[in-house]
Amino acid sequence: MTKTTGTSVEVRLPSRLGFEKVAMGTAASVAALMGFPPERIEDLKTAVAEACINAIEHGNQLNEKLSVGVILSASDHELEVKVVDNGAGIAKQPPAPDIDRKVHGEEDPRGMGMFLIQALVDEAEWVHDSSTNSYVRLVIRLDKENE
Amino acid sequence: MTKTTGTSVEVRLPSRLGFEKVAMGTAASVAALMGFPPERIEDLKTAVAEACINAIEHGNQLNEKLSVGVILSASDHELEVKVVDNGAGIAKQPPAPDIDRKVHGEEDPRGMGMFLIQALVDEAEWVHDSSTNSYVRLVIRLDKENE
Amino acid sequence: MQAETKTTTDRIAGANGASISVLRFTGDISSTSKDSVLGAWQTVGRNGPVLLDFSKVEYINSSGIALIIQMLMEADKTGQKVAIFGLTPHFQKVFTMVGIAKYAGLHKDEPTAAATL
Amino acid sequence: MQAETKTTTDRIAGANGASISVLRFTGDISSTSKDSVLGAWQTVGRNGPVLLDFSKVEYINSSGIALIIQMLMEADKTGQKVAIFGLTPHFQKVFTMVGIAKYAGLHKDEPTAAATL
Ligand SMILES: Nc1ncnc2c1ncn2[C@@H]1O[C@H](COP(=O)(O)OP(=O)(O)O)[C@@H](O)[C@H]1O
Ligand SMILES: Nc1ncnc2c1ncn2[C@@H]1O[C@H](COP(=O)(O)OP(=O)(O)O)[C@@H](O)[C@H]1O
């Protein structure tokens with residue numbers, strides 16, 4: 001199969017909702033090339049989609065003049081994905097969603113993206129890079145069995 | 001559905017065979033977002049794959065320090081894909097493959113990529129851009145019925 | 001088009017003969033699905049049980065999950081039972097992670113789901 | 001792994017009782033498939049008919065098509081009949097475009113293909 005170690009793929013997307021699906025398609029192809037099993041590729045797709053939606057919506061505030069960068073770096077044992085926007089990053093990690101509070105109207109039904117990202121990948125980190133750049137960094141590992 | 005008009009998506013791939021599949025995944029996602037039917041997306045995937053293979057192999061001569069660029073631009077009625085490499089481009093259009101000559105050993109069994117690209121998309125054009133850039137430009141149109 | 005949400009409503013007979021409303025979704029369940037999903041939800045009666053059919057859905061994101069939670073919120077108010085079927089194994093996992101499984105059973109197919117209502 | 005080519009060889013009985021060799025491909029058919037595809041081709045006898053099974057193949061590129069033409073080239077020398085089945089509609093179209101259909105029938109499934117040999 002294709003040697004993928006040491007390679008990196010970059011994508012630039014317009015800041016428009018829906019284009020997260022393009023990042024999903026690209027990420028799925030890179031992960032398939034690296035030999036990730038289908039269930040793990042599904043996890044990655046959802047995590048990448050949520051990271052892109054946040055970059056489009058919160059980071060770039062739907063400003064179509066800005067683009068979202070997705071950088072996929074393959075090494076021997078893992079795939080790292082950075083989703084970069086031009087915003088100021090997150091102030092602080094939101095609390096985990098509480099379904100009881102949501103169903104009883106005590107909490108916004110939204111606010112599950114970051115929770116899902118963390119739940120689906122092996123590592124997730126939010127970084128405020130510079131005054132004009134923030135990114136979320138996701139890692140999925142090849143050796144890790146998917147439960 | 002997602003408005004795609006006026007948007008452009010860019011991908012950078014390493015010059016390593018196999019990575020054409022990442023471009024296929026990205027192109028398929030953009031075309032799906034634009035509403036192309038599944039058969040037309042298959043045509044595009046094969047054309048984009050062949051264009052990337054040529055860029056990797058002939059344009060960038062498998063030099064992994066160089067990358068292949070894929071620029072997907074959506075307008076109302078069509079999707080344009082440019083596959084850019086750092087080579088000198090094609091000297092001239094090769095003749096269409098002749099299956100009889102191939103099967104009888106009178107012609108290299110290879111040499112079908114450019115033929116397939118032209119056969120599968122609505123427009124195909126090979127451009128030598130500058131001393132350091134060449135690209136092939138493909139167009140598929142939304143209104144065109146796929147036979 | 002794949003990206004558009006279509007919701008059709010249907011009625012089937014449950015195990016005990018009572019009528020069950022079915023909302024069948026096609027396409028994506030995302031922020032653009034709000035009118036389609038919640039609009040269809042408003043058309044079903046406020047007392048009988050409801051089935052949500054995801055077997056023709058390929059993409060669901062967190063905004064789409066929020067719409068489902070909004071339906072569960074309304075169902076909870078009126079004490080309506082809701083069951084879900086047709087999710088891929090991946091989205092069954094996701095729905096379980098966010099806690100939806102606590103308020104709506106996740107089932108493989110329509111008969112299994114209908115039998116629980 | 002999806003990207004690797006596996007080729008298994010098989011023998012089935014044709015309509016007239018004569019034995020047919022079957023090459024079953026899995027994975028991609030591309031430049032990296034050369035050893036797998038042509039290696040398996042060398043192991044089948046040089047006189048009976050041959051079936052090529054693509055039903056487990058997802059990706060074929062022009063280098064992969066060149067390998068298939070190489071098999072047809074050798075088959076043509078010895079007068080061996082070759083038939084193909086299991087291609088998606090897209091690749092049936094592609095194989096027809098490049099002229100392969102002229103040298104090997106393209107069929108939907110194994111029984112239909114075997115019946116032509
Ligand atoms: N890329 C980002 N840039 C700025 N803020 C962000 C970003 N991603 C997330 N956030 C902040 O974190 C909050 C929680 O995000 P999330 O869990 O994905 O839920 P939601 O997007 O539905 O609000 C967002 O409301 C936003 O304030
Ligand atoms: N991007 C490119 N840069 C330079 N030369 C190219 C490029 N694409 C195609 N060519 C030339 O055109 C020829 C025909 O290409 P193609 O039809 O794809 O068949 P093949 O790649 O199998 O030779 C190649 O052998 C090469 O010489």
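In what follows, chains carry the letters A, B, and so on, assigned in the order in which the sequence lines appear, proteins first and then strands, with residues in each chain numbered from 1.
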Filtered by a 4.5 Å non-hydrogen cutoff, the part of residues 63-74 of chain B contacting chain D is none
With rounding to the nearest 0.5 Å, note down the distance linking CG in B/Asp43 to NZ in D/Lys93. 3.0 Å
Value rounded to 0.5 Å, distance of CG in B/Leu17 from CG in D/Asn61: 8.5 Å
Ranked by heavy-atom pairs below 4.5 Å to chain B, first place among D/Ile100, D/Val98, D/Leu72 goes to D/Val98
To the nearest 0.5 Å, atom NE2 of D/His90 lies from atom CD1 of B/Ile41 at 11.5 Å
Can you tell me how far apart NZ (B/Lys21) and CG (D/Asp28) are? Round to the nearest 0.5 Å. 3.0 Å
Residues from residues 99-115 of chain B approaching chain D under 4.5 Å (heavy atoms): B/Ile99, B/Asp100, B/Lys102, B/Val103, B/His104, B/Gly105, B/Pro109, B/Arg110, B/Met112, B/Gly113, B/Phe115
Heavy-atom contacts under 4.5 Å, residues 101-117 of chain D to chain B: D/Lys102, D/Tyr103
Can you say whether D/Thr88 sits under 4.5 Å from chain B via the side chain, the backbone, both, or neither, judging by heavy atoms? neither
Identify which part of B/Glu42 has an atom lying under 4.5 Å from any heavy atom of chain D, answering side chain, backbone, both or neither. both
Who passes side chain to side chain contact (heavy atoms under 4.5 Å, CB included) against D/Thr7, sequence neighbours left out? D/Thr5, D/Leu23, D/Phe25, D/Ser36, D/Val37, D/Ala40
Starting at CG of B/Asn54, measure out to OG of D/Ser62 and round the result to the nearest 0.5 Å. 7.0 Å
